[in-house]
Number of protein chains: 2
Amino acid sequence: MATIGDVAREAGVSRSTASYALSGKRPISEEVRRRVLAAAEALAYTPNAGARALATAQTKVLGLLAQFHEDEFAPAMMQYILGVTNTARDLGYDTLLVNEADGVRALRRVTDSRMVDGVVLMNIAQDDARLPILRAAPQPGALVGLPGDCSGLDVFDLDFEEAGRVMVDHLHRLGHRELILISQPEHVVERGGAYVWRLRDAALERARQLGLTLHAVYGESRQPAVGRLLVHLLDTYPAATGLLINNEAAAAALPSVTYERGLRVPGDLSVIGRYSEEFAATFSLPYSFIESAPDRLGAMAVRQLVRRVESPVARNEPFVVRFISPELVSRGSTAPPGTRSP
Amino acid sequence: MATIGDVAREAGVSRSTASYALSGKRPISEEVRRRVLAAAEALAYTPNAGARALATAQTKVLGLLAQFHEDEFAPAMMQYILGVTNTARDLGYDTLLVNEADGVRALRRVTDSRMVDGVVLMNIAQDDARLPILRAAPQPGALVGLPGDCSGLDVFDLDFEEAGRVMVDHLHRLGHRELILISQPEHVVERGGAYVWRLRDAALERARQLGLTLHAVYGESRQPAVGRLLVHLLDTYPAATGLLINNEAAAAALPSVTYERGLRVPGDLSVIGRYSEEFAATFSLPYSFIESAPDRLGAMAVRQLVRRVESPVARNEPFVVRFISPELVSRGSTAPPGTRSP
DNA sequence: CGTAGTCGTCGAACCGGTTCGACAATCTGG
DNA sequence: CCAGATTGTCGAACCGGTTCGACGACTACG
């Protein structure tokens with residue numbers, strides 16, 4: 001495989017001249033530049049990534065640290081990953097996908113060894129043990145998800161509080177008085193998944209303000225348990241006319257449940273979900289939903305990361321916490337309340 | 001950040017001694033080894049990946065080249081990725097996830113720059129333009145999926161031909177005489193997705209041998225189109241009593257279709273799918289199916305790759321083409337044919 | 001016509017590891 | 001008691017890039 005030394009010899013110049021001719025960082029005569037470029041072309045020269053990383057202290061690689069939990073919805077995860085890798089690629093970076101149970105060790109390994117220029121962290125927990133490591137790391141870091149302490153890092157997330165309020169407000173305006181909110185399973189919360197109670201608490205608070213009844217329950221993450229739970233909930237709260245879903249598995253399971261019970265949406269039951277457009281398409285869900293935009297979040301995180309990596313000025317800018325505001329995509333699954341046929 | 005020079009100074013030895021003490025590649029006195037280890041610990045020393053790669057010509061990174069097509073099922077893809085990254089991690093390798101439309105350029109970039117020790121290719125096309133590049137690359141490569149020409153590469157795939165035969169045989173033994181096979185959309189074939197016609201042709205051939213009628217059609221990849229197609233097929237072939245599905249979207253859409261038509265499975269219609277266990281769980285599909293084991297395939301590819309990377313002996317072994325044999329996981333969705341109520 | 005300034009190129013040093021050959025000190029066997 | 005082997009350590013070279021300072025050649029200007 002050709003090195004820059006080979007290119008230089010072929011072009012009849014020194015190694016440094018070849019380097020400058022290729023990078024353009026110093027003026028080089030047109031004649032020499034042509035010879036070097038031709039030689040590089042002829043020898044199919046590609047710079048050695050390790051050598052370049054060593055010399056420039058830049059790897060052109062970003063780390064993506066994700067954790068794949070058994071009880072998490074794989075399709076949803078995929079969206080984040082694509083958002084990150086696509087954006088990184090467009091900006092000239094490759095992505096190192098690190099999926100390790102021991103996130104702390106993995107993060108330390110990746111940053112200390114200088115394999116990456118920056119790190120995107122996913123599956124952020126309220127009190128995430130990886131954050132101190134990332135703050136102390138020489139590379140900048142960006143989070144997709146909101147932790148308890150955002151200091152020293154750029155943070156991107158959906159505004160889950162506002163999402164909860166938007167859901168409640170929407171059904172309240174239509175005249176609903178009793179709602180059910182089904183959230184992610186409780187162990188997601190225990191693991192530190194703050195977005196679950198961020199939406200939940202905000203929804204409960206807003207319901208209280210508006211004088212609505214809101215039954216907030218934690219769901220399951222799998223079929224058939226989540227289907228059974230839905231049935232149980234509809235039985236338990238026969239007067240509820242609105243269903244809010246912050247739980248992908250529950251959303252995916254709902255169509256068969258309503259079908260089986262002969263419930264019409266929105267005639268008998270108004271439904272609002274919280275998931276991504278892509279998710280809705282995959283499961284062909286007919287519900288109005290709040291777009292969680294995983295690809296957009298991943299893209300934002302990467303763009304900010306690359307800004308900090310590439311510009312010494314940007315590197316010292318104050319850190320940002322940016323929420324994307326929930327957008328209710330209408331699919332016609334809400335209407336003024338009817339009476340549910342039991 | 002501490003370098004090995006810092007560690008050496010702290011321990012009062014030369015750089016080379018520090019290196020040997022850490023790697024154990026030469027005998028080092030117990031006393032010195034202790035001092036070096038203590039110094040490394042104290043300084044939180046982690047070797048610089050670029051420098052090590054340059055010196056050893058090993059990066060401890062594997063490339064995973066995937067292409068995410070609009071019309072492909074994201075959840076299925078995720079399974080492959082997890083199989084690869086998990087196995088790689090267990091063997092001490094990180095994974096560079098490269099998702100580029102221009103697979104040829106991406107592959108060349110990654111191999112020529114020596115960013116990776118080996119490459120796993122996914123979404124293999126019958127006449128895949130990336131294969132010549134990979135054969136010529138200095139790193140070994142493994143494919144998940146069967147191309148037209150397997151030479152010079154290790155290949156892993158489900159035995160789709162046998163899968164087709166197993167499906168047909170199974171329903172034949174139960175007494176079925178007329179079947180429908182719904183495959184992936186035709187443009188998957190045009191793109192080079194050979195597994196589609198491998199299963200299809202084998203199924204047709206076996207049906208011919210057994211004197212069965214088999215209606216083989218290409219499906220859609222999305223709702224609601226695929227649902228409509230299913231309805232249309234059931235209308236068009238009212239005498240068909242068995243349905244074979246080599247199309248994830250169709251499998252996911254089938255439950256609501258049968259439900260809507262009041263078709264009982266397997267009373268009125270016997271069904272066999274081809275997808276992964278994980279996929280079945282995600283969509284809670286109640287059908288017997290042939291396990292496509294994406295995680296196992298990914299794992300096999302990585303293990304073989306690492307073998308070749310790490311052992312000079314293994315590097316020169318003949319290349320393998322390994323099929324995992326289709327395993328029919330029974331979920332009770334097949335039975336002797338009844339008469340379909342129209 | 002001499003000198004200051006620019007342009008283009010080169011040699012050398014450096015990034016941070018690994019590894020080879022040399023060598024001193026210690027141990028072993030005759 | 002000495003030759004020879006063994007053990008433990010060091011210095012130097014190397015991997016393949018980038019970058020700094022120096023320098024010769026040429027141009028412009030007073």
Side-chain angles (χ1 to χ4, degrees), chain A residues 1-37 39-40 43-61 109-117 138-139 310, chain B residues 1-37 39-40 43-61 109 111-117 138-139 310 312:
Chain A
M1 190 103 293
T3 74
I4 199 168
D6 300 332
V7 173
R9 191 172 333 107
E10 178 83 8
V13 298
S14 73
R15 291 202 306 150
S16 53
T17 300
S19 176
Y20 286 124
L22 290 169
S23 72
K25 294 193 180 173
R26 275 202 188 174
I28 293 287
S29 71
E30 192 48 44
E31 158 67 9
V32 169
R33 156 174 282 114
R34 259 201 22 259
R35 286 214 315 270
V36 171
L37 261 46
L43 299 173
Y45 167 73
T46 309
N48 179 300
R52 174 169 279 177
L54 185 55
T56 62
Q58 286 228 352
T59 61
K60 287 289 179 178
V61 174
R109 182 169 53 76
V110 164
T111 54
D112 283 3
S113 70
R114 295 293 213 286
M115 301 179 79
V116 299
D117 292 339
Q139 301 95 335
E310 299 193 338
Chain B
M1 190 104 290
T3 74
I4 200 168
D6 300 331
V7 172
R9 191 169 335 107
E10 178 84 7
V13 298
S14 72
R15 291 201 308 151
S16 54
T17 301
S19 177
Y20 285 124
L22 291 169
S23 72
K25 293 193 179 171
R26 276 202 185 172
I28 292 287
S29 71
E30 194 48 44
E31 157 67 9
V32 168
R33 155 173 283 114
R34 259 199 23 261
R35 288 214 313 271
V36 171
L37 261 47
L43 299 173
Y45 167 72
T46 310
N48 179 301
R52 174 169 278 177
L54 185 55
T56 62
Q58 286 229 350
T59 62
K60 287 288 180 177
V61 173
R109 182 169 53 75
T111 54
D112 284 2
S113 70
R114 295 294 214 287
M115 301 179 79
V116 299
D117 292 340
Q139 300 97 336
E310 299 193 338

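Numbered from 1 within each chain, the chains take letters A, B, ... in sequence-line order.
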Euclidean distance, atom CG of residue A:L43 to atom C1' of D:dG16 [Å, nearest integer] | 15 Å
Taking atom types as modelled, find out whether B:T17 and B:S14 have a side-chain donor-acceptor pair closer than 3.5 angstrom.
-> yes
Would you mind reading off the distance between B:R9 atom CZ and D:dC10 atom P, rounded to a whole angstrom?
-> 14 Å
Mind checking B:S14 for me? I need base, sugar-phosphate or nothing, with any heavy atom below 4.0 Å counting as a touch.
-> base
Rounded distance in Å - CZ (B:R35) to C1' (D:dT9) = 11 Å
Distance in angstrom units between B:L54 CG and D:dA13 C1', rounded | 13 Å
Ion pair check, A:E30 and A:R34, cut-off under 4.0 Å | no
Charged N to carboxylate O below 4.0 Å: is that the case for B:K60 and B:E310?
-> yes
Test B:R33 against every option in B:V13, B:I28, B:L22 by the side-chain contact (heavy atoms from CB on, under 4.5 Å) rule and name the one that passes.
-> B:I28
Rounded to the nearest 0.5 Å, what separation is found between the OH atom of B:Y45 and the CD1 atom of B:I4?
-> 4.0 Å
What heavy-atom pair brings A:R35 and A:A11 nearest, and what distance separates the two atoms?
-> NE-O, 2.9 Å
Could you state the CD-C1' distance from B:E30 to D:dT7, rounded to the nearest angstrom?
-> 14 Å
Could you state the interatomic distance from CG (B:D117) to CD (B:Q58), rounded to the nearest 0.5 Å?
-> 5.0 Å
Note the angle between the end axes of the helix from C:dC1-D:dG30 to C:dG30-D:dC1, five pairs defining each, rounded to 10 degrees.
-> 50°
Point-to-point distance, once rounded to the nearest 0.5 Å, from OG1 of B:T111 to CE of A:M1 = 7.5 Å
Per nearest nucleotide of DNA chain C, the residue lying toward the 5' end, A:I28 or B:N48, is A:I28
With the sugar-phosphate defined as primed atoms, P, OP1 and OP2, and the base as all remaining atoms, what B/S/- string results for nucleotides 18-25 of chain C, 5' to 3', for protein heavy atoms under 4.0 Å?
-> BBBBB---
